[in-house]
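Let me begin by presenting the structure, written as structure tokens, before commenting on it.
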Amino acid sequence: MSTILTTENLSLFYGKKEALKGVNLDFEDRGITALIGPSGCGKSTFLRCLNRMNDLIPNVTITGEVNFNQHNIYAPTMDTVQLRKEIGMVFQQPNPFPFSIYENVVYGLRLAGVHDKERLDAAVEKSLKQAAIWDEVKDRLHANALSLSGGQQQRVCIARVLAVEPDIILLDEATSALDPISSRMIEETLLNLRQDYSIITVTHNMQQASRISDRTAFFLNGELIEVNDTKQIFMNPVRQETNDYISGRFG
Ligand SMILES: Nc1ncnc2c1ncn2[C@@H]1O[C@H](COP(=O)(O)OP(=O)(O)OP(=O)(O)O)[C@@H](O)[C@H]1O
């Protein structure tokens, strides 16, 4: 299995507070990696480093490297707009734009200068099918995306990311604001996507991590404690801290 993304000695400070402490982590091409750990351990901060979303937060200092396809994404020449197409992100709260379902999905393509209707139509159908919501919305593509349920909105947000054909999809607690049925539908969607995409998901839900992920990384106090195949992490963790966390002793 080849590596698609690597962090090398990645540290992040919010002002003087060190929120990530020299994280070295490799992500394999394809499959799902779950990032777990107690509240405040730095999971979301780490995830946001992977497509430079922390650049938008004032007073942040980042050291170390994030290498994507052998290029450091923190190099000054990096085009962050292009980077965020290649490494797309889905957030905790579904955040569709207040436009139609169709316009949400084609948003990134239009920004990239694609105007051909047939191409846009095909991308909408393909992405909504991949996000497992096509059947529910195919007859109302021009309805406002905000008229959908939270779970449907989140799947439209996934389709919006897929439409620009990313290599990596980052999800930050993408199911935690949803009801259990919608949450399971998103899990199914991710399981179907894992053959073709590298998916990195932050989750508080350990059952979810064990159900859907191939690899799991456990963070504590800004440090990466342990990363391994998910079965290994949950059945036979190497580090005592991991064992304490997954057996519910803290967090
Ligand atoms: N914008 C910010 N400014 C200052 N400190 C921040 C900021 N965002 C996060 N932090 C701090 O950095 C640390 C890591 O936060 P982060 O949100 O990455 O943790 P997390 O593991 O994702 O937590 P949770 O599971 O609760 O979302 C915490 O101490 C948090 O208070």
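Please read all numbers here as calculations on a predicted model, not as lab measurements. Start at 1 and go down the list; that is how both ligands and their atoms are numbered. The figures that follow rest on heavy atoms only: side chains count, while hydrogens, waters and symmetry mates do not.
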What are the polar N/O contacts of ligand 1 with the protein below 3.5 Å, with distances?
| unit_1 | atom_1 | unit_2 | atom_2 | d |
| --- | --- | --- | --- | --- |
| ligand 1 | 8 (N) | Tyr14 | OH | 3.4 |
| ligand 1 | 18 (O) | Thr45 | N | 2.9 |
| ligand 1 | 18 (O) | Thr45 | OG1 | 2.4 |
| ligand 1 | 19 (O) | Gly42 | N | 3.2 |
| ligand 1 | 21 (O) | Gly40 | N | 3.4 |
| ligand 1 | 21 (O) | Cys41 | N | 3.1 |
| ligand 1 | 21 (O) | Gly42 | N | 3.0 |
| ligand 1 | 21 (O) | Lys43 | N | 3.1 |
| ligand 1 | 21 (O) | Lys43 | NZ | 2.9 |
| ligand 1 | 22 (O) | Ser44 | N | 2.9 |
| ligand 1 | 22 (O) | Ser44 | OG | 2.8 |
| ligand 1 | 23 (O) | Gly40 | N | 2.8 |
| ligand 1 | 25 (O) | Lys43 | NZ | 2.8 |
| ligand 1 | 25 (O) | His204 | NE2 | 2.9 |
| ligand 1 | 26 (O) | Ser39 | OG | 2.6 |
| ligand 1 | 29 (O) | Lys17 | NZ | 3.4 |

### Query
salt bridge (Lys or Arg N to Asp or Glu O under 4.0 Å) between Arg184 and Glu187: does it pass, once the steps are laid out?
CA-CA 5 Å; Arg184 286 307 278 259; Glu187 286 184 17; 3.6 Å; yes

### Task
Return yes when atom CD of Glu125 has more than 12 non-hydrogen atoms of other residues, nucleotides or ligands closer than 6.0 Å, and no otherwise.
yes

### Query
In the hydrophobic clustering that connects Ile, Leu, Val, Met, Phe, Trp and Tyr at side-chain heavy-atom distances below 4.5 Å, which members other than Phe97 occupy its cluster, ordered by chain and number?
Phe99, Tyr107, Leu111

### Message
If the threshold is 4.0 Å, N to carboxylate O, is there a salt bridge linking Arg155 and Glu136?
### Response
yes

### Query
If you measure only the distance, is there a donor-acceptor pair under 3.5 Å linking the side chains of Asn221 and Glu223?
no

### Basic-acidic side-chain contact under 4.0 Å: Glu103, Arg110
yes

